[in-house]
Amino acid sequence: MPELPEVETIKRDLDPLIRGKTITAVTVSRSTVIKEPGVRQFKRLLLNARCRRIFRRGKLLVVELDSAAGRELFLTVHLKMTGQLVIGPADPKSRVSFHLSDGMVLSYNDQRALGELRVVKDWRLLNVVRGMGPEPLSAGFTAEMFARELHGRSTKIKPLLLDQTFIAGIGNIYAAEALFLSKIAPQRKANTLSQSESKRLFKNIRSILEKAIQCRGSSFNNYRDGLGKKGTFTRHFTVYSRKGEPCVCCKEPIRKMTLGGRGTYFCAQCQK
DNA sequence: AATCGTTCCTGATAGC
DNA sequence: TGCTATCAGGAACGAT
């Protein structure tokens, strides 16, 4: 599932390739992924629009455009579980295709069609963006801020890390990996973490996200980067999807439980 | 505020 | 072997 490192990789791949390009055609084969406005309007607004840049906020991709009418527009893409945004030759499996002025095609692929595409005047007004928590890798977000926020919460730490209004961009894989690296049990209440545990978790969230970005993401199921290639962080998983396999640290079998409705992998021996 | 269930969706797979 | 029920989960939403 695309989380911050995967979405960041896509953003970095696509940005230099779409800058200044004009959208010459939009084809839609699965209209339900287009959430706003209607499909006709969606196509009309994007036709002959010019791409300025693409950026990321949390797990959301945002393409900044100048419309044919000279207005500022934003195409937002949330990949959810199986979404892919890939530039290259036309892809017959795509749900939505954006044909570009240089002959390349930006394809939105999505096996399960849970993703969401929008064209909006102001991306900051989207529900998913309003109230979104801090970017874990931004310089303005400090270990002290993180510790203070944890202190005020009585909810379990692992579901809290998945809460996008608490911190942006972390999903099921990196929450599990960061907690293992920090030796913190996923069911611990956030406000029971000591200062040193909070600080350790903060640092490890950053290091795991940075390392995953270096690896161009985790292709656990069907994630692909902006050029259609797999990421390699999957081979660095310590707990995620490793139920029954020996812990890399103590050899105890990795366990799986459900927390907040999500599969949660952990080592009962190492994580306290 | 925290927690739970429901919805969306389709391919992989566990279990009979 | 072959079928079917279950599972995977990001996020919004409503109920408790």
Side-chain angles (χ1 to χ4, degrees), chain A residues 1-8 10 28-36 39 56-62 76-85 91-96 108-118 120 123-133 135-136 148-179 186-193 209 212 217-224 230 234 237 239-245 254-266:
Chain A
M1 55 253 33
E3 305 179 24
L4 187 152
E6 289 76 27
V7 179
E8 178 67 20
I10 293 169
V28 177
S29 63
R30 180 60 172 260
S31 58
T32 57
V33 300
I34 294 171
K35 306 296 179 183
E36 188 179 347
V39 176
R56 177 191 65 77
R57 172 76 171 102
K59 300 175 193 171
L60 190 74
L61 283 164
V62 183
T76 68
V77 180
H78 198 306
L79 302 169
K80 291 286 182 82
M81 297 299 297
T82 56
Q84 304 172 344
L85 197 59
D91 186 341
K93 299 187 311 300
S94 78
R95 306 297 195 176
V96 182
Y108 178 70
N109 305 330
D110 192 345
Q111 178 188 96
R112 287 161 64 180
L114 289 170
E116 304 188 341
L117 275 62
R118 291 182 168 79
V120 294
W123 66 282
R124 283 159 284 246
L125 299 180
L126 291 178
N127 279 339
V128 71
V129 174
R130 285 191 327 211
M132 193 182 277
E135 285 290 330
R148 206 180 311 129
E149 291 298 322
L150 285 185
H151 196 68
R153 299 295 209 107
S154 60
T155 186
K156 296 182 177 77
I157 184 65
K158 197 259 187 171
L160 185 60
L161 293 179
L162 298 182
D163 180 350
Q164 302 301 298
T165 69
F166 180 74
I167 186 168
I170 299 174
N172 213 25
I173 293 172
Y174 299 107
E177 294 296 321
L179 286 168
Q187 72 274 24
R188 284 271 300 280
K189 303 277 180 121
N191 57 13
T192 67
L193 268 63
L209 294 176
S218 306
S219 289
F220 171 66
N221 44 20
N222 63 352
Y223 160 74
R224 294 294 182 276
K230 293 186 179 187
T234 318
F237 285 178
V239 287
Y240 188 82
S241 84
R242 295 192 65 245
K243 181 185 175 185
E245 294 178 40
I254 297 301
R255 294 214 247 154
K256 186 186 184 186
M257 65 175 166
T258 299
L259 275 189
R262 315 271 170 87
T264 301
Y265 299 89
F266 65 106

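All values derive from a computational prediction rather than experimental measurement. Values below: every heavy atom of this structure, side chains too, minus hydrogens, waters and symmetry copies.
Rounded to an integer number of Å, the gap from OH of A/Tyr108 to P of B/dC9 is 13 Å. Remark: C1' of B/dA2 and CD1 of A/Ile157 are 15 Å apart, rounded to the nearest angstrom. Per the geometry, CZ belonging to A/Phe166 stands 14 Å off P belonging to B/dT3, to the nearest Å. Between the P atom of C/dC7 and the NZ atom of A/Lys243 lies a distance of 11 Å, rounded to the nearest Å. One interatomic measurement links the two molecules: CG of A/Leu117 to C1' of B/dC8, which rounds to 15 Å at whole-angstrom precision. Atom CD of A/Gln111 and atom P of B/dT13 are 12 Å apart (whole Å). Atom CZ in A/Arg153 sits roughly 10 Å away from atom P in B/dT3 (whole-Å rounding).
A/Leu179 places none of its side-chain heavy atoms less than 4.5 Å from the side chain of A/Phe266. Between A/Lys59 and A/Leu79 the shortest side-chain heavy-atom distance does not fall below 4.5 Å.
Heavy-atom contacts from other residues, nucleotides or ligands closer than 6.0 Å to NZ of A/Lys35 number more than 12. Sparse packing is recorded around CZ of A/Arg255, with 12 or fewer heavy atoms of other residues, nucleotides or ligands lying under 6.0 Å away.
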B/S/- contact track for nucleotides 9-16 of chain C, protein heavy atom under 4.0 Å: BBBS----
Side chain to side chain donor-acceptor pair (under 3.5 Å) between A/Glu3 and A/Tyr223, worked out: CA-CA 10 Å; A/Glu3 305 179 24; A/Tyr223 160 74; over 6 Å; no
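A donor-acceptor contact shorter than 3.5 Å links the side chain of A/Thr264 to the backbone of A/Arg262.
Within the 4.0 angstrom heavy-atom criterion, only backbone atoms of the sugar-phosphate kind lie near A/Ser154; the bases stay farther away.
Between A/Thr82 and B/dT10, a side-chain N or O to OP1/OP2 separation shorter than 4.0 Å is absent.
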